[in-house]
Amino acid sequence: MLPLMALGLNAQSVQDRLNDYPTAARADYVFGCMATNGQGRDVLNKCACSIDVIASILPYEKYVEAETVLSMQLVGGERMAIFRTAQAAKVLVADLRRAQAEAEILCF
């Protein structure tokens, strides 16, 4: 039997899957979280915990898609209505909101 790498398939370990968020994305989340919740060390730890929980639930690609939908929903106009009404957009945002709620329960 050939290893997955020899077949051209990339098997992603659990650790790799849970750590697919770039450092800059994690830092951006923590900065935003701290701007909302306070600047203390305890808040830093809670915010870092929060993005770790979100990353364990939602793959980075889905996180980026959901964040994009959320930012597009803030833009007015007829063309942006698709981001508020499309079922796929609603599902992406709902998945992110569930991950955020789980993080809130576990970290704050």
Side-chain angles (χ1 to χ4, degrees):
M1 178 171 251
L2 291 173
L4 290 175
M5 298 294 273
L7 296 173
L9 301 173
N10 293 324
Q12 192 176 31
S13 72
V14 172
Q15 181 62 27
D16 289 341
R17 186 178 61 76
L18 295 178
N19 195 28
D20 67 341
Y21 282 50
T23 302
R26 288 178 184 264
D28 186 53
Y29 180 91
V30 170
F31 289 143
C33 177
M34 290 181 72
T36 301
N37 296 296
Q39 300 298 317
R41 178 71 181 181
D42 60 324
V43 176
L44 169 66
N45 290 333
K46 290 176 182 179
C47 291
C49 171
S50 181
I51 190 61
D52 289 344
V53 170
I54 292 169
S56 73
I57 296 170
L58 201 63
Y60 181 66
E61 181 179 322
K62 296 296 182 190
Y63 174 81
V64 170
E65 290 173 1
E67 286 289 327
T68 301
V69 168
L70 286 172
S71 68
M72 297 307 287
Q73 287 177 346
L74 297 175
V75 177
E78 187 176 312
R79 290 184 180 180
M80 295 303 144
I82 190 74
F83 292 103
R84 290 184 287 280
T85 60
Q87 186 61 32
K90 289 179 181 180
V91 169
L92 284 169
V93 171
D95 289 346
L96 176 59
R97 296 289 189 227
R98 278 191 288 279
Q100 289 172 327
E102 183 74 17
E104 179 83 17
I105 291 167
L106 293 174
C107 300
F108 284 86

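Note that the numbering runs from 1 along the sequence shown for the chain.
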Quiz item: Tyr63: what forms a side-chain hydrogen bond (donor to acceptor under 3.5 Å, both in side chains) with it, not counting sequence neighbours?
Solution: none
Self-check item: Summary of salt bridge (charged side-chain N to carboxylate O under 4.0 Å, His left out) pairs that have at least one residue in residues 39-48, sequence neighbours excluded
Solution: none
Practice problem: Would you list the pairs meeting ring-ring contact (aromatic ring centres under 6.0 Å, His included) in which at least one residue belongs to residues 25-53, sequence neighbours left out? | Solution: none
Self-check item: Contacts of type salt bridge (Lys or Arg N to Asp or Glu O under 4.0 Å), residue Lys62, not counting sequence neighbours
Solution: Glu65
Self-check item: Distance, nearest 0.5 Å, that separates OG of Ser50 from CG of Asn45
Solution: 12.5 Å
Quiz item: With sequence neighbours excluded, what pairs up with Gln39 under the side chain to side chain contact (heavy atoms under 4.5 Å, CB included) test?
Solution: Met34
Quiz prompt | With Arg97 via salt bridge (Lys or Arg N to Asp or Glu O under 4.0 Å) - residues at least two apart | solution = none
Practice problem: Search all heavy atoms of Val69 against all heavy atoms of Ala89 and return the closest pair with its distance. | Solution: CG1-CB, 3.8 Å
Quiz item: Going from CD1 on Ile54 to CG on Leu96, what distance comes out if it is rounded to the nearest 0.5 angstrom?
Solution: 6.5 Å
Quiz item: Which pairs, with at least one residue in residues 98-108 and sequence neighbours excluded, count as a salt bridge (charged side-chain N to carboxylate O under 4.0 Å, His left out)?
Solution: Asp95-Arg98
Quiz item: Are Val75 and Leu92 linked, directly or through other ILVMFWY residues, by side chains that come within less than 4.5 angstrom of each other?
Solution: yes
Quiz item: Which pairs pass disulfide bond (SG atoms under 2.5 Å apart) with one or both residues in residues 47-102, sequence neighbours excluded?
Solution: Cys33-Cys47, Cys49-Cys107
Quiz prompt | ring-ring contact (aromatic ring centres under 6.0 Å, His included): pairs with one or both residues in residues 87-108, sequence neighbours excluded | solution = none
Quiz item: So which pairs with a foot in residues 33-61 pass ring-ring contact (aromatic ring centres under 6.0 Å, His included), sequence neighbours left out?
Solution: Tyr21-Tyr60
